[in-house]
Structure formats: C-alpha cells, structure tokens
Asker: 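Structure incoming, see below.
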Amino acid sequence: MKILKIDHLGVAVKSIDAGKNFWTDVLGLRFEGTETVAEQKVTTAFFPVGESEVELLESTAPDGPIAKYLEKRGEGIQHIAFRVADIEEALAELKAKGIQLIDEKPRKGAGGAKIAFLHPKATSGVLVELCERS
Ligand code: ZN
C-alpha cells in the first residue's frame, strides 16, 4: 500500500454557512464551493491548505452519518483522509492484515474521488478514510 499524503481533514459542522467564516475570513483559506454527496447524506466544502485540504461536512438528513456524529460528539474533527495510489490494493492489504473495514469496496466521494472508511475500532478511535483521486 502506498500512502501519498494526508489528503484532507474532515470536520463535522452543523452548518457550512455558519462554520466557514473561520476558515475563510480568519485563516484566509479559499472556499471552493459546496458539493452534495446524496448517497452519504452530506454536503461538503473544501478549503485547500498547501497540499492538503480541510473538508467541512454538513448533514443533509437527520439519519445521516454526520447528523449521528454531531448528536454524539458535537462539532469537531470527524475523520482523517489519506490519499493512496491504489485504493483497491490498499483495502485488500488491510483486510489481509485483519483490519476491520467499514467499506470493503470503494464508494464515490466528493470531487469524483474513490473513498473507503476503516473502522475506528481498528485505529485507536480515529475514523480513517482512504481516498484515491485520478
Ligand atoms: Zn473526507
């Protein structure tokens, strides 16, 4: 498995509109607009930081994963995403190493990326996303 870099940090927020001012007006990061990923019941907003990005995540439905996260833990860092060269290969390797996966197969993420999550039980409580972009 080849990890290329930290692709982004995912931050759960109640509202992108309300939450984005810190990242733009205070930190001076560029706001690149929002994208809704319907199957994950989430709207995302990306803010490039050097070679990585901050991703704000707002739920689009009360039963979505971000809504559930906010209910349990409130706003904050929800996941860390590593960019990998080959996500299928990475998942096969992790599975062979006995790592519990949330996604056995990649699904579609924002920006046309292929993404998959590892189970926090296998990672000391950190929700880890793998992501491959072409
Ligand atoms: Zn993400």
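First listed ligand is number 1; within each ligand, the first listed atom is number 1.
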Asker: Thinking salt bridges, do Lys41 and Asp63 make one under a 4.0 Å N-O criterion?
Answerer: yes
Asker: Show me the side-chain donor-acceptor pairs of residues 74-82 shorter than 3.5 Å, one per line, residues at least two apart or across chains.
Answerer:
{"unit_1": "Glu75", "atom_1": "OE2", "unit_2": "Lys14", "atom_2": "N", "d": "2.8"}
{"unit_1": "His79", "atom_1": "NE2", "unit_2": "His8", "atom_2": "NE2", "d": "3.3"}
{"unit_1": "His79", "atom_1": "NE2", "unit_2": "Glu55", "atom_2": "OE1", "d": "3.1"}
{"unit_1": "His79", "atom_1": "NE2", "unit_2": "Glu129", "atom_2": "OE1", "d": "2.8"}

Asker: Do Lys20 and Asp25 sit within salt-bridge range, that is, some charged N less than 4.0 Å from a carboxylate O?
Answerer: no
Asker: Kindly write out the residues that satisfy side chain to side chain donor-acceptor pair (under 3.5 Å) with Thr36, not counting sequence neighbours, or none if the list is empty.
Answerer: Thr43
Asker: Tell me, which protein N/O/S atoms are under 2.8 Å away from the Zn ion (ligand 1)?
Answerer: His8 NE2, Glu55 OE1, His79 NE2, Glu129 OE1
Asker: So, Lys114 and Glu88, do they make that salt bridge, N to O below 4.0 Å?
Answerer: yes
Asker: The criterion is salt bridge (charged side-chain N to carboxylate O under 4.0 Å, His left out); which residues satisfy it with Lys5, sequence neighbours excluded?
Answerer: none
